[in-house]
Amino acid sequence: MANRSRIIVTGGMGFIGSHTAVELSIADYDVILVDDLSNSDISVLEGIKKLCKTEVYFENIDLKNRLACFSIFEKYDNIKGVIHFAAHKAVGESVGNPMKYYDNNINVLLNILYALVNFDIQNLIFSSSCTVYGETKDLPVTEQTEMKETASPYGKTKQMGEAIINDFTVAYPTHNAISLRYFNPIGAHPSAVIGELPLGKPENLMPYITQTAIGLRECLSVFGGDYNTPDGTAIRDYIHVVDLAQAHVVALNRLIHNLNGKSHERFNLGTGKGISVLDVIKSFERTSGVSLNYEITKRRKGDMEAIYADTELSRSVLKWEAKLSLDDMTRTAWQWEQELRKKKE
Ligand code: UD1
C-alpha cells in the first residue's frame with residue numbers, strides 16, 4: 001500500500017466536507033473523515049468512496065469528547081493536516097439555542113487545536129464564513145473590511161473561531177492556519193453522486209428550490225421583495241461547492257509547502273458577483289426546464305440586504321478563483337435532487 005499523506009477532514013460527511021474529500025483524493029491524499037452524523041447520513045460515505053481513488057477512512061466520533069478526538073490522531077500516522085468543517089451551521093437555530101452552538105463549535109475547535117499541539121501536526125484549514133463581517137455596508141467585502149457585530153451566535157462562533165486560531169498561531173509559531181470565509185456554497189458534484197443533504201425542511205435557498213421543484217415542498221417563499229436592490233430581492237455571492245472544495249486543497253498545499261506569508265491567513269471564497277434570489281430562480285428554471293412555484297413574502301428576520309466578496313486576495317495570493325457559473329450551480333443541484341428521488345423510489 002502506498003504511504004500517502006493523510007488529511008483529517010472533520011465534518012467530512014457534510015456538504016462541503018464530502019466534496020472536499022473528493023478533491024483531496026484527486027490531489028493524491030488519503031482522507032480520514034470524522035463525523036458524528038448529527039447533520040449528515042452514513043449513505044454519503046458510499047458516494048465519497050465511489051468518487052475517491054485513494055483510501056477513505058471513516059470515524060464516527062463526537063469531537064466534543066477530547067479523548068475520542070485524540071484517539072484519531074493516535075490511530076493514524078502520516079497526517080499532514082486537518083481541514084476542520086465540523087460545526088453546527090443553522091443561523092436561526094443558533095439564536096434560539098446559543099449554548100448548543102458555543103458548546104459544539106468552540107469546544108470542538110479547542111480539542112482540535114490541543115490535538116495539533118500534542119501530535120505535532122502543523123497545518124490547519126478552518127471553515128469560516130462571510131458571516132464574520134456582520135452587517136456591513138462596505139461592498140464588496142475585502143478581508144480587511146472591519147468586522148461588525150454579527151446578530152447570530154452561529155456567526156459569533158465563526159468570529160471567535162478565527163480569533164482563537166489567531167492566538168493559537170501566535171503562541172505556537174510552528175503551527176499554521178488558513179481561515180476560509182465562504183460566501184454561499186450551492187450546487188453538487190457533476191457526477192450527481194454526492195450533494196447537499198439537508199435533514200428535514202431546508203433553511204437554505206438552493207435545497208428549498210430543488211425540493212419545491214421535485215414536489216417535496218409546495219411553494220418557495222422568497223424572503224423580501226422590497227430590498228434596495230435592482231429586483232428588490234436580497235443579494236448574495238453564490239459559489240459552486242466544487243470550486244469551494246478545490247480552494248481547500250490549494251490552501252492546504254500552501255501550508256504543507258510552507259508558501260504562506262503569515263502564520264494565520266484569511267481568504268474570501270466567492271465569485272465576486274452579487275446574485276439576487278430571483279436571479280437564482282431564473283437560472284434554475286433555465287437549466288431544469290421546470291417552472292418554479294414561488295411567492296414573494298416578507299423579509300426573514302436577521303437577513304442582510306446584500307453581501308458579496310472582493311476576490312482579489314484569493315486570486316493574487318492563493319492563486320485560486322471560482323470557475324463554475326450560476327447555471328452550473330443550479331444544473332448540478334437539480335441533477336442531484338433528481339438522483340436522490342431515484343434512490344428513494
Ligand atoms: C447563511 C449565513 C451563512 C451560513 C449559511 C448556512 C449569513 C450572512 N450567512 O447564509 O454564513 O453559512 O446561512 O446556513 O449569516 N431565501 C429565500 N427563501 C428561502 C431560503 C432563503 O428567499 O426559503 C433567501 C434568503 O433570504 C437569502 C438567500 O435566499 O437572501 C440565501 O439564503 P440562505 O441560503 O439561507 O443563506 P444565507 O442566509 O445567505
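Being a predicted model, the structure only gives us computed values, none of them experimental. Counting starts at 1 for both ligands and their atoms, following the listed order.
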Out of all atoms in ligand 1, which are within 4.0 Å of some heavy atom of [X]? Include the element for each.
X: Val222; answer: 22 (O)
X: Thr131; answer: 7 (C), 11 (O), 15 (O)
X: Ser129; answer: 3 (C), 11 (O)
X: Ala234; answer: 30 (O)
X: Asn184; answer: 10 (O), 31 (C), 36 (O), 37 (P), 39 (O)
X: Asp303; answer: 25 (C), 26 (O), 38 (O)
X: Lys89; answer: 6 (C), 14 (O)
X: Glu203; answer: 20 (C), 35 (O)

Under-4.0 Å heavy-atom contact with ligand 1, by part of [X] that carries it:
X: Ser221; value: backbone
X: Val277; value: side chain
X: Leu220; value: side chain
X: Arg299; value: neither
X: Asn204; value: both

Without hydrogens or angle criteria, can the side chains of [X] and [Y] be said to hold a donor-acceptor pair below 3.5 Å?
X: Thr330; Y: Ser283; answer: yes
X: Thr287; Y: Asp327; answer: no
X: Thr157; Y: Asn105; answer: yes
X: Ser128; Y: Glu162; answer: yes
X: Thr332; Y: His240; answer: yes
X: Glu93; Y: Tyr101; answer: yes

Nearest protein heavy atom with distance in Å, relative to [atom]:
atom: atom 19 (C) of ligand 1; value: Phe223 CE1, 3.2 Å
atom: atom 2 (C) of ligand 1; value: Val91 CG2, 3.9 Å
atom: atom 39 (O) of ligand 1; value: Arg236 NE, 2.6 Å
atom: atom 34 (O) of ligand 1; value: Leu205 N, 2.9 Å
atom: atom 38 (O) of ligand 1; value: Arg300 NH2, 3.0 Å

Tyr238 near ligand 1 by a heavy-atom separation under 4.0 Å: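 Flag set, Tyr238 near ligand 1.
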contact_flag Tyr154 ligand 1 heavy-atom lt 4.0 Å: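 In this structure, Tyr154 qualifies as a contact of ligand 1 - some heavy atom is under 4.0 Å.
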Arg4 charged N/C atom sitting above Tyr29 aromatic ring, 6.0 Å / 45°: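 Geometry flag: not set, cation outside 6.0 Å or 45°.
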His175 ring center near Phe168 ring center (under 6.0 Å):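 Yes, close enough.
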Pair Phe85 and His19, ring centroids less than 6.0 Å apart: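 Ring centroids of Phe85 and His19 are no less than 6.0 Å from each other.
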Steps toward salt bridge (charged side-chain N to carboxylate O under 4.0 Å, His left out) verdict (Lys273, Asp237): CA-CA 6 Å; Lys273 294 189 194 97; Asp237 185 340; over 6 Å; no
Run the side-chain donor-acceptor check on residues 120-127: report pairs under 3.5 Å with partners two or more places apart or on a different chain.
from: Asp120; atom 1: OD1; to: Gln122; atom 2: NE2; distance (Å): 2.9
from: Asn123; atom 1: ND2; to: Lys80; atom 2: O; distance (Å): 3.0
from: Ser127; atom 1: OG; to: Tyr182; atom 2: OH; distance (Å): 3.0

Check ion pair Lys53-Asp28 (N to O, under 4.0 angstrom):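 Judged by the 4.0 Å cut-off on N to carboxylate O distance, Lys53 and Asp28 do form a salt bridge.
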